[in-house]
Amino acid sequence: MKTDKSEPERKNLPASEPASVETAPVSNFIRDIVKDDLATNKWDGRVVTRFPPEPNGYLHIGHAKSICLNFGIAAEHNGTTHLRFDDTNPSKEDVEYTEAIKRDVRWLGFDWGDKLFHASDYFGKFYDFAVQLINDGKAYVDDLSADEIREHRGTLKDPGRESPHRNRPIAENLDLFHRMRAGEFPDGSRVLRAKIDMSSGNVNLRDPVIYRIKHEAHHMTGDQWCIYPMYDYAHCVSDSIERITHSICTLEFEDHRPLYDWYLDQLGVYHPQQIEFARLNLTYTLMSKRKLLALVEEGVVSGWDDPRMPTLAGLRRRGYTPESIRDFCERIGVAKRDSVVSVALLEHCLREDLNKRAPRVMAVLRPLRLVIDNYPEGQTEEFDAVNNPEDPSGGTRKIPFSRVIYIERDDFNETPPKGFFRLAPGKEVRLKHAYYVTCQNIVKDDKTGEVTEVHCTYDPESRGGGTPDGRVIKGTLHWVSAEHAIDAEVRLYDHLFAKEDPEEGEDFRQNLTPNSLETLTDCKVEPSLAKAAAGDRYQFLRHRYFCVDSGDSKPGHPVFNRTVSLRDTWAKVQKSQK
RNA sequence: UGGGGCGUCGUCAAGCGGUAAGACACGGGCCUUUGGAGCCCGCAUUCCCAGGUUCGAAUCCUGGCGCCCCAGCCA
């Protein structure tokens with residue numbers, strides 16, 4: 001993969017505060033449970049959590065919430081957090097994903113130390129425990145087909161029926177299970193099931209499958225196994241083996257908790273507490289891994305790290321900072337009620353962080369030539385420009401100025417609407433860091449009528465941006481000297497989905513924003529950007545925040561991704577005038 | 001009465017029997033060499049509804065109503 005070094009990224013950004021002191025932790029019910037447990041010494045003073053992704057896709061912002069929660073709670077109490085790959089289904093999983101997941105967790109700012117595990121590390125133990133269940137008469141081999149098992153399971157309202165194989169002698173179960181493992185039976189021909197209660201109101205307890213046969217190679221264990229354990233069984237036993245204290249998962253697993261508890265109780269082993277919280281939903285954001293995969297596979301986006309994706313890899317490439325994501329995860333809180341957080345909050349967290357850290361720079365996205373008629377031809381001078389008014393230690397840089405410059409097309413209007421205080425015929429504006437200029441006349445294209453050039457005069461007295469007479473100039477424009485400008489490509493991203501709820505309607509694809517990527521190839525940026533490196537973040541003055549693309553940017557041809565816009569009061573005013 | 005969970009501002013969310021935090025969004029003002037940032041002010045007499053207990057209820061009890069999840073050999 002292209003870029004992924006949090007190292008170089010860190011280098012040219014001011015050091016960030018460590019996660020622990022960013023903000024005082026907000027109270028939530030899980031923190032309360034942990035605090036209580038510590039007070040009653042339930043776990044001998046230990047706090048051990050785990051983040052258990054399945055390596056079948058990339059991590060997204062929803063996972064970030066879980067990561068921050070698990071690592072955060074442990075860190076607050078001097079505990080540890082395990083990174084454990086829940087890799088019990090070889091048909092869906094891949095090493096590409098495990099590497100991406102590790103990279104993303106690290107980038108977010110968390111460290112699992114030597115606590116890196118895989119459920120597949122425990123395949124041997126899982127097998128032995130299963131044998132124990134059989135020996136205790138708590139599990140049996142079922143010969144029913146998948147369809148038959150479903151049929152026997154009953155419905156939500158009607159109880160299920162017991163399998164005819166349910167009361168097989170222990171010895172026979174043992175023999176069959178050994179032979180399942182030995183590879184004697186084809187996929188789907190038999191399963192190992194827990195013997196619980198076919199009439200339970202909780203469907204999960206109607207003799208759930210423990211092991212299924214899959215003659216498939218596993219990315220960690222190769223072809224050592226042809227039977228693989230199911231999630232419910234593998235997860236609780238893994239937690240037990242690792243002596244997890246608080247096993248935090250999302251709400252949909254609430255119904256599984258009785259099963260989690262059942263396995264551990266029957267096995268008579270160490271028993272962590274499962275706690276469920278509401279997963280993160282964001283407006284305009286698709287959070288389903290399966291559907292995100294579809295976008296990648298169908299080429300709707302350029303990959304898992306496309307800057308429009310809600311994946312951590314995508315957000316990183318877009319220019320998000322790990323600090324802003326952590327701050328966001330802290331601010332949204334943790335509770336049990338289903339909710340949809342406004343994406344505006346995420347963007348706010350980003351802007352707040354970038355405002356403090358991103359150097360200001362001048363870039364003209366849609367250039368319009370401006371000629372200063374009374375400025376000597378061939379003359380060049382330099383101005384000192386503050387890199388970041390929010391950061392006194394940010395220093396200054398030199399910006400070259402000359403007779404012909406580029407300004408933003410939007411910053412000139414031949415027939416200015418009310419309240420427009422940028423450039424217009426006869427009007428005077430300030431060129432940031434430079435001089436005041438007054439528009440004297442314009443040049444238009446004969447055919448299209450489009451303004452192709454603006455002619456101005458400058459006031460030599462206004463050097464630096466002020467005049468002795470102290471006259472008030474409301475409009476300040478950014479600009480780039482034509483002969484010194486660097487050509488750049490700029491990619492403007494919009495929300496991938498036009499609907500607040502991307503899942504609305506029959507097919508989420510119908511809710512895609514028609515043009516969520518607009519590429520501008522004729523941009524002019526100030527020469528200091530020649531040294532911009534992949535991942536560097538800037539504020540293009542008066543525009544928004546941009547990040548040097550880590551995939552396609554090259555030394556002679558920088559490519560910038562729009563990270564997030566600046567607040568735009570003028571746009572708001574215009575909107576309200578309509 | 002299939003089982004499980006949840007209902008506090010537009011959106012998140014504190015609150016744990018003592019009289020509704022905070023954030024985002026929104027509206028108004030100040031300030032400004034970014035229409036940025038910053039600063040100030042405003043924004044739930046009321047907590048899904050109805051009863052009850054109590055000197056006192058968002059918090060406890062009872063009964064409704066609404067929303068979410070579950071019938072993979074996925075996780």
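Residue numbers begin at 1 in each chain, while the letters A, B, ... track the order of the sequences. All of these numbers come straight from a predicted model, not from anything done at the bench.
Within the nucleic acid shown, A:Leu144 comes within 4.0 Å of at least one base atom, counting heavy atoms only. Backbone-only contact: A:Arg153 has heavy atoms under 4.0 Å from sugar-phosphate atoms and none from a base. At the heavy-atom level, A:Arg150 lies under 4.0 Å from the strands shown only through sugar-phosphate atoms. Nucleic acid contact class of A:His433 (heavy atoms, under 4.0 Å, all strands): base. Within 4.0 Å (heavy atoms only), A:Ile149 reaches at least one base atom of the nucleic acid. Counting any heavy atom pair closer than 4.0 Å across all strands shown, A:Gly475 reaches no nucleic acid atom. Using a 4.0 Å heavy-atom cutoff across all strands shown, A:Ser339 reaches sugar-phosphate atoms only and no base atom. Base contact: A:Phe420 has a heavy atom under 4.0 Å from a base atom. A:Arg331 comes within 4.0 angstrom of sugar-phosphate atoms only, judged by non-hydrogen atoms across all strands, and of no base.
Ion pairing between A:Asp143 and A:Arg168 holds under the 4.0 Å rule for side-chain N and carboxylate O. A salt bridge does not link A:Asp568 to A:Lys572: none of the charged side-chain nitrogens sits closer than 4.0 Å to a carboxylate oxygen. Ion pairing between a basic and an acidic side chain is recognised when a charged N comes within 4.0 Å of a carboxylate O; A:Asp410 and A:Arg422 show no such pairing.
Remark: A:Glu162 engages A:Arg166 in a side chain to side chain donor-acceptor pair (under 3.5 Å) (not counting sequence neighbours). Residues satisfying the side chain to side chain donor-acceptor pair (under 3.5 Å) criterion with A:Tyr538, sequence neighbours excluded, are absent altogether. Every residue two or more places apart in sequence or in another chain was checked for a ring-ring contact (aromatic ring centres under 6.0 Å, His included) with A:His152, and none qualifies. When the side chain to side chain donor-acceptor pair (under 3.5 Å) test is applied to A:Glu96, the partners found at least two apart in sequence or on another chain are A:Tyr58.
Comparing B:G35, B:U34, B:G2 by their nearest atom to the side chain of A:Val203 picks out B:G2. For A:Asp338, whose side chain is taken as the heavy atoms from C-beta onward, the closest listed nucleotide among B:C68, B:G7, B:G2 is B:C68. For A:Ala335, taking side-chain heavy atoms from C-beta onward, the closest of the listed nucleotides B:C70, B:A13, B:U34 is B:A13. Closest approach to the A:Leu345 side chain among B:G2, B:C24, B:G35 is made by B:C24 (side chain taken as heavy atoms from C-beta onward). Closest contact between the side chain of A:Asn202 and the listed nucleotides B:G3, B:A14, B:A71 involves B:G3. Listed candidates were B:A14, B:C74, B:A23. Nearest to the side chain of A:Met230 is B:C74.
Of all the residues in residues 247-256 of chain A, A:Glu252, A:Phe253, A:Glu254, A:Asp255, A:His256 reach under 4.0 Å from RNA chain B with at least one non-hydrogen atom.
Across all strands shown, B:A13 remains unpaired; no Watson-Crick or G-U wobble contact has both distances below 3.5 Å. The partner of B:C6 is B:G66, by the rule that a Watson-Crick or G-U pair needs both atom distances under 3.5 Å. Using Watson-Crick or G-U wobble geometry with both donor-acceptor distances under 3.5 Å, B:A20 finds no partner in any strand shown. Remark: B:G38 base-pairs with B:C30. Criterion, Watson-Crick or G-U wobble with two distances under 3.5 Å. Base pairing of B:C60 is made with B:G52, judged by Watson-Crick or G-U wobble geometry with both donor-acceptor distances under 3.5 Å.
Note that the CD atom of A:Glu500 and the NE2 atom of A:His495 stand 10.5 Å from one another [nearest 0.5 Å].
Between A:Tyr435 and A:Phe383, the ring-plane angle classifies as perpendicular under the 30° and 60° cut-offs.
A:Met198 places its CE atom 10 Å from the C1' atom of B:A71, with the value rounded to the nearest Å.
Taking 4.0 angstrom as the limit, A:Thr569 places a side-chain polar atom (N or O) nearer than this to OP1 or OP2 of B:G36. The side chain of A:Arg212 places an N or O atom within less than 4.0 Å of a non-bridging phosphate oxygen (OP1 or OP2) of B:C74. OP1 or OP2 of B:A75 has at least one side-chain nitrogen or oxygen of A:Thr88 nearer than 4.0 Å. At the phosphate of B:G35, OP1 or OP2 sits under 4.0 Å from a side-chain N or O atom of A:Arg542. Within the 4.0 Å cut-off from OP1 or OP2 of B:G35, not a single side-chain nitrogen or oxygen of A:Arg544 is found.
Separation of the A:His256 and A:His235 ring centroids does not fall under the 6.0 Å cut-off. Proximity of the aromatic rings of A:Phe253 and A:Tyr260 is defined here by a centroid distance below 6.0 angstrom, and this criterion is not met.
In the interface, the side chain of A:Glu390 is paired with the base of B:G36 through a donor and an acceptor atom under 3.5 Å apart. Contact annotation: side chain of A:Asp32 to base of B:C16, donor-acceptor pair present below 3.5 Å.
Nearest-nucleotide mapping onto RNA chain B: of A:Asn355 and A:Leu541, the residue sitting toward the 5' end is A:Leu541. Between A:Lys474 and A:Phe29, the residue whose closest nucleotide on RNA chain B is further toward the 5' end is A:Phe29.
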Sequence-aligned protein contact record of nucleotides 25-30 of chain B, with B where the base is within under 4.0 Å of a protein heavy atom and S where only the sugar-phosphate is: SSS---
